[in-house]
J.: 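So that we are looking at the same thing, I have put the structure below in structure tokens.
These numbers come from a predicted model, not from an experiment. Both ligands and their constituent atoms are indexed starting at 1 by order of listing. Note that these values count all heavy atoms, side chains included, but never hydrogens, waters or copies made by symmetry.
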Amino acid sequence: MSFWKKTKKVDASSAEQSERSESAASRENLNELVLQSIHEGVIIVGPDGNIRLANPSFCELTGRSLSELNRVYYDSVINLLDKTGNRVPEGRNPINIALKNKEYGENRELGIVAADSNKNTPVSIIITPTREEKPSLVVTFRDIAQELKEERERSEFISTASHEMRTPVASIEGYLGLAMNPSTATVDERGMEYLEKAHQASRHLGRLFQDLLDTTKLDDGQIEPRMEPVDIVALVKSISDGQIPNITAKGLGYQFGSGSVDQQLSGGKHIDQLVYASVDQDFLREVMNNLIENAIKYTPAGWVTVNVRADNYNVQIIVEDTGIGVPREELTHIFQKFYRVDNRETREIGGTGLGLYLVKQRVEAMNGRIWAESEAGKGTRFIMLFPRISEDTYRQQRFYIDNQQAQSRENVDF
Ligand code: ADP
């Protein structure tokens, strides 16, 4: 009996072993096959930065043979270029960063140059570290030339279409305004009701076209921010105060406050502290107006509060309301293009779903960050973070910019 058991066990383990090695071999074959057949270029970069494995698509992308790629330092065969066609510096090279931080990374802004042809192929790169203690990196390169071409064509179409449609919509809006004005037209009560609805809809359409136009321009990098040093408390206050008529028209309260970050949020309080940052004033105006208009729109009753707070390194601009709030699971989505929270309350409030997308694009273009905190039913807080600059830097940069502006004015006068 025991012999049987033993023999059986021996049999079983050898069968298991051969099964295991067979399945390991077939898995390896399968892995090899997958790697050979996929369209994306794939390499495995060891912790020392040397290429351990590459697939044929990667060879095609770089114009190198498999033997040329074997065990060479990745940077000697991958020439990564930024948008302007310059070589990406070491500190911004995503593979280099991932080798140091051992973290997942992705980048869609780079080009890769083939060895022989000097052909620059735009790629999207995804870097995944393995789970070893000293991880290797699996790096995939997807050729996005066709994708970018289609995106460009799409945005050109949207941009032309919105531009063309904005003009007739503005004219419809103008004529509706005249029809609703008792000094230029006579309309009965029911007619007025219809006209008001049409006016609202045409304004919505006008806003949509303007937002679409701005989105395509920002996406294409057609609008670059003009950064200049500003007294950020004074600037934010003047923009926010400009919204007082809209806030009070809705019957809401308004508070503006400034202070340091370790204080409790203090709407209405002011600490005499000069705080400077570098921003594009027009971008910041668009961003603040959009956030405050949203705060008004999504707040049936209560307050709109704007605070500027600072520590030694950063400036926070906070726009807060006591409105309907955003459900937790929706918070990360609200900055996406065309995303609108879909519930009973928001359905009744018009919108394009592009406002916050544009806000985020503009904030990031100014080297800032933005995020939202909220509790459904209690209100929403949007927080923007910008690097603070010292008073000395402010004065130097201001002096330089003011001089330049004065000179260009003189040249024009002349
Ligand atoms: P919209 O034109 O729909 O207002 P946005 O991009 O500005 O588009 O905002 C996206 C969505 O985020 C809105 O549809 C709304 O659901 C939500 N949202 C934005 N701001 C607020 C706010 N202050 N309070 C509650 N919800 C908000």
J.: Please walk me through it: do Y74 and L137 pass side-chain contact (heavy atoms from CB on, under 4.5 Å)?
T.: CA-CA 11 Å; Y74 84 90; L137 303 176; over 6 Å; no
J.: Could an N or O of ligand 1 be found under 3.5 Å from any N or O of G355, whether backbone or side chain?
T.: yes
J.: Which protein non-hydrogen atom lies closest to atom 2 (O) of ligand 1, naming both residue and atom, and how far is it?
T.: T352 N, 2.8 Å
J.: Working to the nearest 0.5 angstrom, can you tell me the gap between Y276 OH and Q397 CD?
T.: 12.5 Å
J.: What closest approach, in Å, do P135 and P129 show between heavy atoms, and which atom pair accounts for it?
T.: CB-CB, 4.1 Å
J.: If you measure every N or O of G351 against every N or O of ligand 1, does any of those distances drop under 3.5 Å?
T.: no
J.: Taking only heavy atoms of V326, which atoms of ligand 1 are found under 4.0 Å from at least one of them?
T.: 25 (C), 26 (N), 27 (C)
J.: Output yes when the distance from some N or O of ligand 1 to some N or O of L356 is under 3.5 Å, and no in every other case.
T.: yes
J.: Taking N or O atoms only and a 3.5 Å limit, does Y357 qualify as a polar contact for ligand 1?
T.: no
J.: Please evaluate residues I125 and I112 with respect to the criterion side-chain contact (heavy atoms from CB on, under 4.5 Å), reporting the C-alpha separation (whole Å), side-chain torsions for both, the decisive distance (0.1 Å), and the verdict.
T.: CA-CA 10 Å; I125 301 180; I112 193 168; over 6 Å; no
J.: Which heavy atom of the protein is the closest neighbour of atom 23 (N) of ligand 1, given with residue, atom name and distance?
T.: D321 OD2, 2.8 Å
J.: Less than 3.5 Å between some nitrogen or oxygen of N290 and one of ligand 1, yes or no?
T.: no
J.: Taking only heavy atoms of V341 into account, list the atoms of ligand 1 that are under 4.0 Å away from them.
T.: 14 (O), 16 (O)
J.: Will you find, in the side chains of Q396 and Y400, an N or O donor that is under 3.5 Å from an N or O acceptor?
T.: no
J.: Below 3.5 Å, N or O to N or O, backbone or side chain included: is there any such pair between Y298 and ligand 1?
T.: yes
J.: So S240 and M288, side-chain contact (heavy atoms from CB on, under 4.5 Å) or not? Walk me through it.
T.: CA-CA 7 Å; S240 310; M288 290 297 303; 3.8 Å; yes
J.: What do you reckon, does F382 have a nitrogen or oxygen under 3.5 Å from a nitrogen or oxygen of ligand 1?
T.: no
J.: Can you confirm whether the side chains of T216 and S155 place a donor and an acceptor under 3.5 Å from each other?
T.: no
J.: Main chain of L213, side chain of S159: is a donor-acceptor contact present, judged purely on distance under 3.5 Å?
T.: no
J.: Near I334, which atoms of ligand 1 are under 4.0 Å from a heavy atom of that residue?
T.: 10 (C), 12 (O)
J.: Please report which non-hydrogen protein atom sits nearest to atom 20 (N) of ligand 1, along with the residue it belongs to and the distance in Å to one decimal place.
T.: N294 ND2, 3.4 Å
J.: Can you tell me if G325 has a non-hydrogen atom under 4.0 Å from ligand 1?
T.: yes
J.: Without swapping roles, check the side chain of S171 against the backbone of T167 for a donor-acceptor pair under 3.5 Å.
T.: no
J.: Determine, step by step, whether M384 and Q316 satisfy the side-chain contact (heavy atoms from CB on, under 4.5 Å) criterion, reporting the C-alpha distance in whole Å, the side-chain angles of both residues, the deciding distance to 0.1 Å, and the verdict.
T.: CA-CA 5 Å; M384 285 177 276; Q316 286 183 5; over 6 Å; no
J.: Within ligand 1, which atoms have a heavy atom of R340 less than 4.0 Å away?
T.: 1 (P), 3 (O), 14 (O)
J.: Looking only at heavy atoms of K297, does any of them come nearer than 4.0 Å to an atom of ligand 1?
T.: yes
J.: Going by the atom numbers of ligand 1, which of them fall below 4.0 Å from some non-hydrogen atom of Y339?
T.: 10 (C), 11 (C)
J.: Listed by chain and number, what are the side-chain contact (heavy atoms from CB on, under 4.5 Å) partners of L358, not counting sequence neighbours?
T.: D211, D214, T215, L218, R362
